[in-house]
Enquirer: 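Quick one: structure below, then a few questions.
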Protein chains: 2
Amino acid sequence: MSDLLERLRGRGWRLTAQRRVVAEVLDGGGASHVHLTADEVHARAAARLPEISRATVYNTLGELVSLGEVIEVATDGRAKRYDPNAHRPHQHLVCSRCGAIRDVHPGGDPLADLPAAERFGFTVSEVEVTYRGLCPNCAGA
Amino acid sequence: MSDLLERLRGRGWRLTAQRRVVAEVLDGGGASHVHLTADEVHARAAARLPEISRATVYNTLGELVSLGEVIEVATDGRAKRYDPNAHRPHQHLVCSRCGAIRDVHPGGDPLADLPAAERFGFTVSEVEVTYRGLCPNCAGA
DNA sequence: TCCTACGATAGACAGAGTCTAAGTCAAGAA
DNA sequence: TTCTTGACTTAGACTCTGTCTATCGTAGGA
Ligand SMILES: [Mn+2]
Ligand SMILES: [Mn+2]
Ligand SMILES: [Zn+2]
Ligand SMILES: [Zn+2]
């Protein structure tokens, strides 16, 4: 995602300090297993650019999602999380107790598990799989 | 439905008009592909029992979920849906445009697709699969 | 019938996200 | 370089979903 800003400029984005900071927060360090909420993104962005507003963070995140640069993940009934790891398809493993999230890469094609007879005429294009359980910390004796 | 009320009574539930109406709304007609939001449940319940409160609907739904009689489904970032089809395991197929939901029963065991090396020490106990696409109505034209 | 603990109610409150009106500024034009 | 303008940002009001609390009511047992 390091050339993210390049791609965005190529898409006609006006490059503002706010957008740059949001992109940097999401891409920070290249750690691909980051799943921040909008408010967490806002907090980190505000550390670099104190006057940035919540609305701008939401707007920018929404644009990044539309552009396919970021994936929206709703694991629980709480705040959505924003996932910069949009270029390698993956699923999520979530701790039922503490909410920790890990990227996982299951084998097989989950779409293939849904026979035509179970598709009811839908044009199925996407599958989202969430594995739930206890993380080592929460399960630990 | 009468089964449900029986089971609830057996569990020590005090049988009030409000709880009865909520249970009837969820179980209404035995159509198992009902996925109502809390507010939809409230609206239908209020048609039979006008003074029923939102809080009671939320409380009752929460109790039914705890008892395993109803499943909470969060397909989008919007309101949770309450699924009375709790006794036959299934997954969901959701229309990306209109939000229509269908129950589906994929083959294979989705848990088996997650190799041990991808479990990161988690005790994985549950998988939730959401298929997305366009329903016949939304795809046509 | 009476008692009372459990349940229902209204409405305040909270979290997450959207929207609007007004001000600001990135970037192309001259 | 300066000008211009429409895209962008902002504060804060607003919506939607859900939770909580204080008070009132009643199901069901004695
Ligand atoms: Mn991820
Ligand atoms: Mn269902
Ligand atoms: Zn945990
Ligand atoms: Zn549809």
Side-chain angles (χ1 to χ4, degrees), chain A residues 5-6 8-25 35-67 70-83 99 101, chain B residues 5-6 8-26 35-67 69-83 99 101:
Chain A
L5 290 179
E6 274 314 306
L8 294 177
R9 193 195 313 258
R11 303 231 205 192
W13 255 33
R14 182 175 290 187
L15 217 4
T16 67
Q18 291 84 351
R19 285 172 166 182
R20 200 186 314 264
V21 168
V22 168
E24 283 170 8
V25 164
H35 303 88
L36 300 172
T37 64
D39 272 352
E40 286 165 351
V41 172
H42 180 244
R44 297 190 187 195
R48 289 160 160 259
L49 190 69
E51 68 277 19
I52 192 173
S53 71
R54 265 177 17 105
T56 293
V57 171
Y58 274 105
N59 287 342
T60 305
L61 290 173
E63 289 157 3
L64 289 170
V65 169
S66 297
L67 293 176
V70 163
I71 290 172
E72 237 175 29
V73 182
T75 50
D76 47 9
R78 327 223 20 205
K80 290 176 192 163
R81 296 184 168 273
Y82 291 87
D83 187 343
I101 303 184
Chain B
L5 289 180
E6 274 312 305
L8 295 176
R9 194 195 311 259
R11 303 233 206 192
W13 255 34
R14 180 177 292 188
L15 218 2
T16 67
Q18 291 84 351
R19 285 172 166 182
R20 198 186 316 263
V21 168
V22 168
E24 283 170 8
V25 164
L26 282 173
H35 303 87
L36 300 172
T37 64
D39 272 352
E40 286 165 350
V41 172
H42 179 245
R44 297 191 185 194
R48 289 160 161 258
L49 191 68
E51 68 277 17
I52 191 172
S53 71
R54 263 176 18 105
T56 293
V57 170
Y58 274 105
N59 287 341
T60 305
L61 289 173
E63 289 157 2
L64 289 170
V65 169
S66 297
L67 293 176
E69 298 287 351
V70 164
I71 290 172
E72 239 175 26
V73 182
T75 51
D76 48 8
R78 326 218 28 200
K80 289 176 192 165
R81 296 186 168 272
Y82 292 87
D83 186 343
I101 302 183

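Chain letters run A, B, ... following the sequence lines, proteins first and then strands; every chain starts at 1.
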Enquirer: Should the side chain of B:Arg19 and the base of C:dG7 be counted as holding a donor-acceptor pair, with the cut-off at 3.5 Å?
Expert: no
Enquirer: Nearest-nucleotide wise, let me know which of B:Arg81 and B:Ala17 is further upstream toward the 5' end of DNA chain D.
Expert: B:Arg81
Enquirer: Quick one: which of C:dA10, C:dA27, D:dT19 gets closest to the side chain of B:Tyr58?
Expert: D:dT19
Enquirer: Does B:Arg81 use its side chain to pair, donor to acceptor, with the backbone of B:Thr75 at less than 3.5 Å?
Expert: no
Enquirer: Let me know, please, whether B:Arg54 or B:Glu51 comes out on the 5' side of the other along DNA chain C by nearest nucleotide.
Expert: B:Glu51
Enquirer: Are the charged groups of B:Arg11 and B:Glu63 less than 4.0 angstrom apart, N to O?
Expert: no
Enquirer: Spell out, as yes or no, whether a donor-acceptor pair under 3.5 Å connects the side chain of A:Arg44 to the backbone of A:Leu36.
Expert: no
Enquirer: Of all the choices, D:dT17, C:dA16, C:dA10, which nucleotide is nearest to the side chain of A:Ala79 once you look at every atom?
Expert: C:dA16
Enquirer: Taking for each residue the nucleotide of DNA chain D bearing the nearest heavy atom, is the 5' side occupied by B:Tyr82 or by A:Thr60?
Expert: A:Thr60
Enquirer: Side chain of B:Thr16 only, heavy atoms from C-beta on: which candidate in D:dG18, D:dA27, D:dC8 is closest?
Expert: D:dA27
Enquirer: Name the closest nucleotide to the B:Ala55 side chain, picking from C:dA5, C:dT9, C:dG17.
Expert: C:dT9
Enquirer: Side chain of B:Arg14, heavy atoms from C-beta onward: which of C:dA27, C:dT9, C:dA5 has the nearest atom to it?
Expert: C:dA5
